[in-house]
Participant: 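The structure under discussion is supplied below as structure tokens; questions concerning it will follow.
The first residue of the sequence shown is numbered 1, and numbering continues consecutively from there.
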Amino acid sequence: MPEPMSRTSRRGLLLGAAAVSTGALLAGCTSNDSQDEEPAAGGQSATDDQPGKRVTIGFAGPQADHGWLNAINDNAKRRAKKYSDVTLEITEGSNDTAAQIGQIETLINKKVDVLVVLPADGKALTQVGLKAMRAGIPVVNLDRIFNSPQAYRCWIGGDNYGMGLNAGTYIGEKLKGKSDARVVELAGLDNLELTKQRTQGFDDALKNYPNIKKVARQAADFTVESGQAKMAQLLQAQSKFDALWNHDDDQGVGALRAVEQAGRDDFLMVGGAGALSAFQAIKQDNGVLKATVLYPPTMAASAIDLARALGQGKGVGGLAEYEIPTSVTLYSAVVDKDNIERYLPTGFR
């Protein structure tokens, strides 16, 4: 799962997940009629889908050993193919920081126009980000943030605190009229800052609902197996509760197995991330899973949009500034049966 940005890095532009991608902003309100195109800042043209200056984008990410990470790669590739003026140089993903540094240095030596980097470790790869920037290659830092803002031109990523906040608010509203409501939490890896942020957001949301008490928490490790094992422990320890928030839809597959094996259907479950399996279960609406909170891998497609805009020296449609933003934080929308059709095509496997 993605390492997070610091809480302070979320100060950037907030985009609603309804846009699904910054393509909605980058394209602006464009059509084939030139009179519909509004230039950014009243002078510089905003990027759109029309072919322009050719741009070579180097893309480097970690090994796709999780459904979300695999979706990151797929989104980047699909987005690049959309543009006839974009060439994507993509590396073989690696979780070894030395290997990823070497791959990025190769892209720098190839003199790509723009780099998109989802670092295996933001701190460890900060220096190679600085190297690219000093070589005149702008860097779009994807999700796991570098230690220095000098190492990237633009950061784009998800909102871990917002995931927890929105999950807690959704559950709070569902249980608002219930006295002495009890909730449990199935978290991710506790040694990751992102897990701490998600739990903090969840706890902060529940403070708004004095009728609700969090009675138990277990930490899994974002795998199906750990989700099943830790959920079985929660179910055994808690004979009755009203709601569960699970941080990750991949481990949620295992959690749902444990729920089914225990024959429990007396609570509602909210997931996290936006896996296709979760979307399908929400749509079927015949089990405990009622919603999931997005951590959208479409951010990789948006990163390609931003990189193309940088390479072409264009701004963002709908904004007055000449340049693209320094920071873009994606909103963690809640997906339930009321809006599932809208988000179903974005679900990752």
Participant: When you compare the side chains of D85 and Q312, does any donor N or O come within less than 3.5 Å of an acceptor on the partner?
Facilitator: yes

Participant: Is a salt bridge present between R264 and D266, judged by a nitrogen-to-oxygen distance below 4.0 Å?
Facilitator: yes

Participant: Are D250 and R349 within salt-bridge range, i.e. N to O under 4.0 Å?
Facilitator: no

Participant: Can a cation-pi geometry be assigned to R198 and Y161, taking NZ or CZ under 6.0 Å from the six-membered ring centre and within 45° of the ring axis?
Facilitator: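 Judged by the rule (NZ or CZ under 6.0 Å from the ring centre, within 45° of its axis), R198 is not positioned above Y161.
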
Participant: Could D113 and R54 be called an ion pair, given the rule that one side-chain N must be under 4.0 Å from one carboxylate O?
Facilitator: no

Participant: Kindly indicate whether the side chain of I72, heavy atoms from C-beta on, has any atom under 4.5 Å from the side chain of L118.
Facilitator: yes

Participant: Quick one: do V215 and V288 end up in the same hydrophobic cluster if we chain Ile, Leu, Val, Met, Phe, Trp and Tyr together by side-chain heavy atoms under 4.5 Å apart?
Facilitator: yes

Participant: Under a 4.5 Å cut-off applied to non-hydrogen side-chain atoms, are Y170 and N166 in contact?
Facilitator: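 Of all side-chain heavy-atom pairs linking N166 with Y170, none is under 4.5 Å.
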
Participant: Out of the candidates L289, I171, D242, only one should pair with L268 under the side chain to side chain contact (heavy atoms under 4.5 Å, CB included) rule; please name it.
Facilitator: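 Running side chain to side chain contact (heavy atoms under 4.5 Å, CB included) over L289, I171, D242 with L268 returns exactly one hit, I171.
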
Participant: Tell me whether R308 is salt-bridged to D305, with the criterion being a basic N under 4.0 Å from an acidic carboxylate O.
Facilitator: no

Participant: Counting only heavy atoms not in N109, do more than 12 fall under 6.0 Å of its CG?
Facilitator: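 Result for CG/N109: enclosed.
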
Participant: Between the side chains of N211 and D180, is a donor N or O closer than 3.5 angstrom to an acceptor N or O?
Facilitator: no

Participant: Between the side chains of D249 and T292, does any donor sit under 3.5 Å from an acceptor?
Facilitator: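 The answer is yes; a qualifying pair exists.
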
Participant: Mind checking what makes ring pair (Phe, Tyr, Trp, His ring centres under 6.0 Å) contact with F279, not counting sequence neighbours?
Facilitator: none

Participant: Is the closest side-chain heavy-atom distance between I104 and L125 below 4.5 Å?
Facilitator: yes

Participant: Is the number of heavy atoms from other residues, nucleotides or ligands within 6.0 Å of CD (E260) greater than 12?
Facilitator: no

Participant: Please check if I156 and L88 belong to a single hydrophobic cluster, counting links between Ile, Leu, Val, Met, Phe, Trp and Tyr side chain heavy atoms closer than 4.5 Å.
Facilitator: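 The answer is yes; both residues are in one hydrophobic cluster.
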
Participant: Can you check whether W155 reaches T326 side chain to side chain, under 4.5 Å on heavy atoms?
Facilitator: no

Participant: Are side-chain N/O atoms of D221 and Q251 paired as donor and acceptor at under 3.5 Å?
Facilitator: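 Not at all, the side chains of D221 and Q251 share no donor-acceptor pair under 3.5 Å.
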
Participant: Check whether more than 12 heavy atoms from other residues, nucleotides or ligands sit under 6.0 Å from atom NZ of K283, and answer yes or no.
Facilitator: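 Not more than 12 within 6.0 Å, no.
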
Participant: With sequence neighbours excluded, tell me which residues meet ring pair (Phe, Tyr, Trp, His ring centres under 6.0 Å) with F241.
Facilitator: F267

Participant: Would you indicate whether the side-chain heavy atoms of L175 and V183 approach each other to under 4.5 Å?
Facilitator: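 V183 reaches L175 side chain to side chain.
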
Participant: Output yes when a side-chain donor or acceptor of R153 lies under 3.5 Å from a complementary backbone atom of I324, and no otherwise.
Facilitator: yes

Participant: What pair of heavy atoms forms the shortest contact from G172 to I212, and how long is it?
Facilitator: CA-CD1, 3.6 Å

Participant: Establish whether L235 and V253 are linked, either directly or via other cluster members, by ILVMFWY side-chain heavy-atom contacts under 4.5 Å.
Facilitator: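 No, L235 does not connect to V253 through the hydrophobic network.
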
Participant: How about CD on Q150, more than 12 heavy atoms from neighbouring residues, nucleotides or ligands closer than 6.0 Å, or not?
Facilitator: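 Not more than 12 within 6.0 Å, no.
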
Participant: Just by distance, do the side chain of W68 and the backbone of Y295 share a donor-acceptor pair under 3.5 Å?
Facilitator: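 Checking the backbone N and O of Y295 against the side chain of W68, a donor-acceptor pair under 3.5 Å is found.
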
Participant: Hydrophobic clusters here meaning ILVMFWY residues chained together by side-chain heavy-atom distances under 4.5 Å, can you tell me if V117 and L130 are in one?
Facilitator: no

Participant: What residue pairs, at least two apart or across chains, pass salt bridge (charged side-chain N to carboxylate O under 4.0 Å, His left out) with a residue in residues 93-112?
Facilitator: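 Listed once each, the pairs are E89-K110, E105-K131.
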
Participant: Taking the side chain as every heavy atom from C-beta outward, state whether D74 and R78 have any atom pair closer than 4.5 Å.
Facilitator: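 When only atoms from C-beta onward are counted, R78 and D74 do touch, with a gap below 4.5 Å.
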
